[in-house]
Amino acid sequence: MRITLPDGSVREYAQPVTAGQVAADIGAGLAKAAIGAKVSGVLTDLHRPITADATLAIVTKPRQDKQGLSKGEVDPDALYLLRHSTAHVMAEAVCRLWPDAKLAYGPPVDSGFYYDIALETPISSDDFPRIEAEMKKIVEENRPFTRYELPPEEGMGRLKAEGNKYKIDNAQRAIAGGAKSLSWYATGQPNANWEDLCMGPHVPATGAIAAFKVTSVASSHWHGDVNSDRFQRLYGTAFFSQADLEQHQKLQEEAKQRDHRLIGTKLGLFTIDEQVGQGLILWKPRGGMLRTILEDFLRAKLIELDYSLVYTPNIGKIDLYKTSGHYPYYADSQFPPIKMRDSDDEYLLKPMNCPHHCKIYASDPHSYRDLPVRLAEFGTVYRFEQSGELSGLTRVRGFTQDDAHIFCTHEQVPGEFAATIQLVQFVFKTFGFNDVHIRLSLRDPSSDKYVGDPRNWERAESQLRQVLRDLGMSFTEAAGEAAFYGPKVDFIVRDVIGRKWQLGTVQLDYNLPERFKLEYVGQDNATHRPAMIHRAPFGSMERFTGILIEHYAGAFPLWISPEQFRVLPVSDKFNEYAMKVHAALKGADFRGRATVDLSNERVNAKIKVAQDDKVPYMLVVGGRDQEAGTVSVRDRVRGDLGAMPLAAFIEKAGREIASHGGEIVKV
RNA sequence: GCCACCUUAGCUCAGCGGUAGAGCGGUGCUUUCGUAAAGCACAGGUCGUGGGUUCAAGUCCCACAGGUGGCUCCA
């Protein structure tokens, strides 16, 4: 048998050998650090025999520095093994504490692992210390994870005898998926210790689990089906050192400080009032200023790109949405219709802007010479999101899309689509979003939720794919994520706690032009149906603002900061000069958003408050400044920049604003 | 919508059967001050809402509303 190692060297063995033995042959240090193996690319147990020629990479525990922190980036495979194994330990601890617990499924996830458990008794966070204490015992016993296999029939017999329908289901799925045997892992010895039906792989023994924590409990459903059995999903995480765990917890804490709901309250950006309604955002003056700046920025760009700005009402007759196909398709996720007093007419709060824009297009005859027609609007829409889904600014019931619809010939689609993609990228680049995932969302051919001619879909999907390729963009494809009327390209970012949100989107639609019978007269003097592109670079002003708050931790770059300058007189003897400076900033070409702090406080206190308010520039003024006509500039990040003539500061600030510059500031 | 947890002053939170607390913020006074919080005083709460248990309920129980974390959903 030839075992090829990552450095290309080959070791020959006459008999089946385990990765652990190979590791020992290479060196004692490697053997000691080894916790698993990648055999021909497949992650596996250290002690599973290798029976054929294979490539082999030993998965090792990370080395640690003097503080006990793992050096470099920890191998994701190593973390996978560790966390999968810790999930078993947690499950055993739960089974000890609640003997009637039935286990379902317990995989590693991004930052830890979970186990879905069917149990009548609710587990609460108060129980975590008890669970952790049991886990600690199991870890300290340093029991080996022992794998054994049973033939499918024998295995199923055993599972049926045990009567856990979830495990039976798991096993049936494994067999249906081609598994030739069922595998169990005993945490210790078979028949002597706790065991779980599991594909593996695992670390060699529980002692490898250096640091762990039960982090939260939530609810989940069998196969994700709300009508099916409910589980308690117990989340935890594990690391190779206590220091790693502590660092992880510290980072989590820091991330929470960036949460837009916290910062939004602190900085007075927005509020949500119970009496106004769930998921309905009240933009406070500072948030309103921020939004206005964002809208002005985009509006200027749209005018430059030959968009036409339109306005449409917040409601429309239900018939409009029957024509568009949105109703009753999404009846459940809309606010109920408004019934009229003196007729049978019903109106809907508009869930989308496109039908209105289609009607604007249809109100005039169009020649191919007019196309493309690009209708843009900051359009507010209402969607009845499930109450449990609402979250700050990121998931709301009323929001404003920076929406536009481009009506064009089929020949113009690739060009227009590419231009809109570039617009979205321009927006993201301006705000320094570098970690954006681009997803080509396609239909799921096996689903019946999609409308329109499959040939149109195929053409649309391949057009989009080609545009993305031509632009040299990296993207993933996701079947089943398309809108019901067409494929789309979505721009996805994560919030501080790792949740993914769609911001920008560009969608291709052959359906609505059909439904609204939109037309243009071609060069051939015949009528043709235009194609339609929906696009929203920000997506929703609410969500974009929420993510932006987290992105900058509330410390907005000068050009979008709701308050750019705060003048701080060192005592009220200099209030008059301070007000002059304030007026000069407001009167500058860029019409500075400036305030002056006339409170009866010492300058130290004024600085502290301005710093907390994340004001980019503080202008301290006292006697020296008054005499010399200067301002003493304090940068939010760099601190005191010293005195400079007021005119010089205004020039500097003007340049910074015009550049749309801004760095990401640490909390 | 489902499950768990949470809801006390504008904000952050303590109090967990026995007459409502702190810090910050607010107001007033004193201080007139040069780069991350001067001092003193005062105001501010039917403890989310509605029921119940109890001699007595922020405190225990139930329902509802809102929030948080998940699940499901997301045109």
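Values below: every heavy atom of this structure, side chains too, minus hydrogens, waters and symmetry copies. All chains are named by letter (A, B, ...) in the order of the sequence lines, taking the proteins before the strands, and each is independently numbered beginning at 1.
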Contact letters for nucleotides 30-35 of chain B, in which S counts primed atoms plus P, OP1 and OP2 and B counts the base, heavy atoms under 4.0 Å
BBBBBB
What does the B/S/- profile of nucleotides 61-69 of chain B look like, 5' to 3', with a 4.0 Å heavy-atom cutoff to protein?
----SSSSB
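Considering only residues two or more places apart in sequence or on other chains, A/Ser599 meets the side-chain hydrogen bond (donor to acceptor under 3.5 Å, both in side chains) condition with A/Asp597. Under the rule for a side-chain hydrogen bond (donor to acceptor under 3.5 Å, both in side chains), the partners of A/Tyr115 that lie at least two apart in sequence or sit in another chain are A/Lys167, A/Asp196. Looking at residues two or more places apart in sequence or on another chain, you find a side-chain hydrogen bond (donor to acceptor under 3.5 Å, both in side chains) between A/Arg439 and A/Ser441, A/Asp490. Residues passing the ring pair (Phe, Tyr, Trp, His ring centres under 6.0 Å) test with A/His534 are A/His405, A/Tyr485, sequence neighbours excluded. Residues passing the side-chain hydrogen bond (donor to acceptor under 3.5 Å, both in side chains) test with A/Tyr577, sequence neighbours excluded: none.
When the C1' atom of B/rA75 is taken as reference, atom NZ of A/Lys488 falls 8 Å away, rounded to whole Å. Taking atom OH on A/Tyr235 and atom P on B/rA4, their separation rounds to 16 Å, with Å as the unit. Remark: P of B/rC73 and NE2 of A/His223 are 14 Å apart, rounded to the nearest angstrom. A straight line from OH of A/Tyr485 to C1' of B/rC74 spans 12 Å, rounded to a whole angstrom. Taking atom CZ of residue A/Arg395 and atom P of nucleotide B/rC71, one finds them 12 Å apart after rounding to whole Å. Distance A/Gln611 CD to B/rA36 P: 9 Å, rounded to the nearest Å. Whole-Å rounding puts the A/Ile263 CD1 to B/rU12 P distance at 14 Å.
Nucleotide B/rC71 forms a pair with B/rG1, judged by Watson-Crick or G-U wobble geometry with both contacts under 3.5 Å. Of all nucleotides present, none satisfies the Watson-Crick or G-U wobble test against B/rC16 with each distance under 3.5 Å. Checking B/rA57 for Watson-Crick or G-U wobble geometry (two distances, each under 3.5 Å) identifies no partner in any strand. With a cut-off of 3.5 Å on both pairing distances, the Watson-Crick or G-U wobble partner of B/rC29 is B/rG39. Across all strands shown, B/rU7 forms a Watson-Crick or G-U wobble pair with B/rA65, both key distances being under 3.5 Å.
More than 12 heavy atoms of other residues, nucleotides or ligands sit less than 6.0 Å from atom CE of A/Met644.
Expressed to the nearest 0.5 Å, how far CZ of A/Phe649 lies from CD of A/Glu656 amounts to 8.0 Å.
Annotation: side-chain hydrogen bond (donor to acceptor under 3.5 Å, both in side chains) contacts involving residues 120-131 of chain A, sequence neighbours excluded, comprise A/Asp127-A/Arg130. Sorted by first and then second residue, the pairs that involve residues 562-574 of chain A and meet salt bridge (Lys or Arg N to Asp or Glu O under 4.0 Å), not counting sequence neighbours, are A/Arg286-A/Glu563, A/Glu563-A/Arg566, A/Arg566-A/Asp613.
Under the 3.5 Å distance criterion, the side-chain polar atoms of A/Lys350 are matched with a main-chain donor or acceptor of A/Pro313.
Side-chain proximity of A/Thr265 to B/rC74, B/rC11, B/rC71: nearest is B/rC11.
Nucleic acid contact class of A/Gln502 (heavy atoms, under 4.0 Å, all strands): none. Nucleic acid contact for A/Ser125: none, since no nucleic acid atom lies under 4.0 Å from a heavy atom of the residue. Within 4.0 Å of A/Tyr114, counting heavy atoms only, lies no atom of the nucleic acid at all.
Taking 90° from 0 as the syn/anti boundary, the base of B/rG21 is oriented anti.
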